[in-house]
Novice: 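Got a structure for you, questions after.
In listed order, ligands and their atoms are each counted from 1.
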Amino acid sequence: MTINLDQVRSDTPACSNLIHFNNAGSALQPRAVTEAVLQHLLLEQRIGGYEAADMHSALADNFYHAFATLLNCAPREIAFAENCTRAWTQLLLSVPFEAGDRIVTGQSEYASNYLSLLHLSRHKGVKIDVIPNNSEGLICLDSLESSLGNDVRLIALTHIASQSGVIQPAAAVGKLAQKHRILYLLDACQSAGQLHLDVNELGCDMLTGTGRKYLRGPRGTGFMYVRHSILDYLQPQSIDLQAADWLSRDHYALRDDARRFEVWEHFVAGKIGLAVAADYALHTGLQQIESTVSRLAATLREALCTIPGISVHERGARLSGIVTFSSALHPAHSIQAHLRHHHINTSVVRRQNTLLDFPERKLGDINRASVHYYNTDTEIDAFCAALNKL
Ligand SMILES: Cc1ncc(COP(=O)(O)O)c(C=O)c1O
């Protein structure tokens with residue numbers, strides 16, 4: 001089954017007036033997602049927020065079922081969050097660390113995740129081990145395995161970095177985590193909605209993601225997966241009426257599912273919209289999305305390599321829709337502004353946010369063009385034509 005390009009483009013109103021190569025930033029929503037959010041907001045306007053939530057409770061509940069199907073887990077292992085960073089940090093801080101424990105992570109870790117690790121290290125005395133990438137930008141599995149000892153409490157890996165299209169060998173890391181019985185937290189912020197994900201194949205205990213990127217959901221939404229068997233090992237840092245029942249003056253009971261990591265007050269319209277986005281991705285087919293995105297990105301990389309002065313930075317055999325490049329002649333921000341002038345959306349990756357990685361690769365700020373399955377070869381031609389005009 002191939003993706004019906006005409007259909008997905010006509011479901012995506014913005015496709016008719018711009019070229020959106022900023023899907024790793026925030027992808028274009030299908031009409032159905034925006035409409036679901038708007039309908040709920042209008043219902044809130046008409047009948048009141050709590051009453052609207054009651055009336056649309058089945059739509060909001062669909063969030064858990066849609067993500068359980070997307071990740072191949074049980075609905076009770078899914079929780080809603082306002083973004084990926086909140087979900088990731090909630091889970092990190094719930095691990096019962098003791099001073100001297102080690103956290104093992106990769107060189108492509110997301111900036112905010114690494115900042116949280118530094119913060120934890122400063123306040124809890126945990127140590128951080130950064131496993132180097134090999135020449136293809138992949139985490140070195142031999143170094144990872146040799147660093148795993150009894151003092152390692154957590155492996156934290158970013159599946160696809162925001163600064164590089166390299167897809168990390170998340171399932172191989174999962175095998176090592178299981179072999180050494182170490183908790184494994186996977187940041188799937190850029191891979192959810194882009195790759196076929198199965199938490200059992202990945203071998204992760206916890207996984208986090210956001211709504212607005214490859215899943216094409218609303219901004220201000222995210223999700224997490226928590227393997228049911230580790231639920232009681234984790235200690236949520238803060239709880240409220242959503243997370244627990246108040247039983248008596250001195251007693252409370254945490255919920256028996258991943259929703260103990262949620263908060264009661266949340267963006268209901270966004271949760272409904274995110275469920276619609278997950279269903280839209282499932283209906284489109286994750287395998288089809290993955291192969292279409294990978295083919296378009298390969299075409300884009302090839303085309304970029306023919307433009308004088310441009311270098312493409314991805315290395316490796318398995319690459320995602322994120323294409324990073326820079327020009328020997330023009331700074332990254334001028335290129336982004338020039339493309340925007342031609343109605344082409346891209347973004348810039350700042351060296352300042354990639355300090356584990358870019359200094360070693362001798363990179364400054366670079367450009368990022370990230371494609372999705374609704375992009376086309378014609379758009380890639382137009383993108384290259386615009387770059388050639390610089
Ligand atoms: C790999 C990765 N992890 C985490 C995040 C943070 O996601 P959010 O902005 O939803 O918190 C991003 C955002 O760009 C990302 O690329």
Side-chain angles (χ1 to χ4, degrees), residues 20-27 29 67 79-93 105-119 130 133 137-139 155-170 173 184-195 197 202 204 206-225 261-263 266-267 270-271 273-274 277-278 293 297 313-314 319-324 345-358 365-372:
H20 192 69
F21 285 0
N22 193 11
N23 295 289
S26 182
Q29 288 176 20
F67 275 82
F80 180 75
E82 68 251 52
N83 57 50
C84 185
T85 307
R86 276 282 179 235
W88 195 90
T89 316
Q90 264 274 54
L91 293 173
L92 173 77
L93 296 180
T105 190
Q107 213 180 343
S108 306
E109 200 56 21
Y110 182 62
S112 297
N113 296 355
Y114 194 71
L115 285 172
S116 284
L117 295 181
L118 288 179
H119 195 58
V130 179
N133 286 337
L138 298 166
I139 188 165
I155 298 174
L157 183 76
T158 293
H159 200 180
I160 301 175
S162 56
Q163 71 268 23
S164 159
V166 173
I167 302 173
Q168 295 295 337
V173 171
Y184 176 25
L185 168 58
L186 184 66
D187 175 339
C189 196
Q190 296 289 0
S191 53
Q194 173 173 192
L195 306 183
L197 298 179
L202 291 164
C204 58
M206 300 170 279
L207 178 149
T208 57
T210 207
R212 72 184 183 282
K213 296 183 187 288
Y214 278 88
L215 276 167
R216 310 182 62 194
R219 293 200 66 176
T221 64
F223 66 92
M224 65 180 99
Y225 153 79
F261 293 102
E262 290 184 348
V263 283
H266 64 283
F267 180 27
K271 186 184 193 179
L274 183 52
V293 169
H313 300 299
E314 270 75 41
L319 300 176
S320 75
I322 294 179
V323 177
T324 58
N345 294 340
T346 59
S347 67
V348 168
V349 183
R350 295 183 56 225
R351 175 187 163 100
Q352 185 59 38
N353 294 336
T354 52
L355 293 179
L356 292 177
D357 184 9
F358 277 20
D365 292 355
I366 62 172
N367 295 94
R368 182 181 74 182
S370 44
V371 291
H372 215 329

Novice: Please state which part of T85 comes within less than 4.0 Å of ligand 1, counting heavy atoms only: side chain, backbone, both or neither.
Specialist: both

Novice: Output the list of atoms in ligand 1 that are nearer than 4.0 Å to some heavy atom of I160, sorted by atom number.
Specialist: 1 (C)

Novice: If I compare all heavy atoms of L138 with all of P169, which pair ends up nearest, and what's the gap?
Specialist: CD2-CD, 3.9 Å

Novice: Please could you name the atoms of ligand 1 that T158 approaches to less than 4.0 Å, counting only its heavy atoms?
Specialist: 1 (C)

Novice: Is a side-chain donor or acceptor of K213 paired with a backbone partner of G25 at a separation under 3.5 angstrom?
Specialist: yes

Novice: Using a 4.0 Å heavy-atom cut-off, say whether K213 meets ligand 1 through its side chain, its backbone, both or neither.
Specialist: side chain

Novice: Looking at atom 10 (O) of ligand 1, what's its closest protein heavy atom, distance included?
Specialist: T210 OG1, 2.6 Å

Novice: Could you check whether any side-chain N or O of H372 sits under 3.5 Å from a backbone N or O of Y214, counting only pairs where one atom can act as donor and the other as acceptor?
Specialist: yes

Novice: Any idea which atoms of ligand 1 are less than 4.0 Å away from a heavy-atom of C84?
Specialist: 4 (C), 7 (O), 8 (P), 10 (O), 11 (O)

Novice: Hey, does the side chain of Y114 reach the backbone of T105 with a donor-acceptor pair shorter than 3.5 angstrom?
Specialist: no

Novice: Report the nearest protein non-hydrogen atom to atom 5 (C) of ligand 1: residue, atom name, distance rounded to 0.1 Å.
Specialist: Y110 CE2, 3.3 Å

Novice: To which protein heavy atom is atom 3 (N) of ligand 1 closest, and what is the distance rounded to 0.1 Å?
Specialist: D187 OD2, 2.6 Å

Novice: Less than 4.0 Å is my threshold; does some heavy atom of T208 fall inside it relative to ligand 1?
Specialist: no

Novice: Flag yes if more than 12 heavy atoms outside R351 fall under 6.0 Å of its CZ atom; otherwise flag no.
Specialist: yes

Novice: Do any N or O atoms from the side chain of Q107 and from the backbone of D357 form a donor-acceptor pair under 3.5 angstrom?
Specialist: no

Novice: Where the side chain of T221 meets the backbone of P218, is there a donor-acceptor pair that is under 3.5 Å apart?
Specialist: yes

Novice: Pick whichever of R212, Q190, R86 has a heavy atom sitting closest to atom 8 (P) of ligand 1.
Specialist: R212

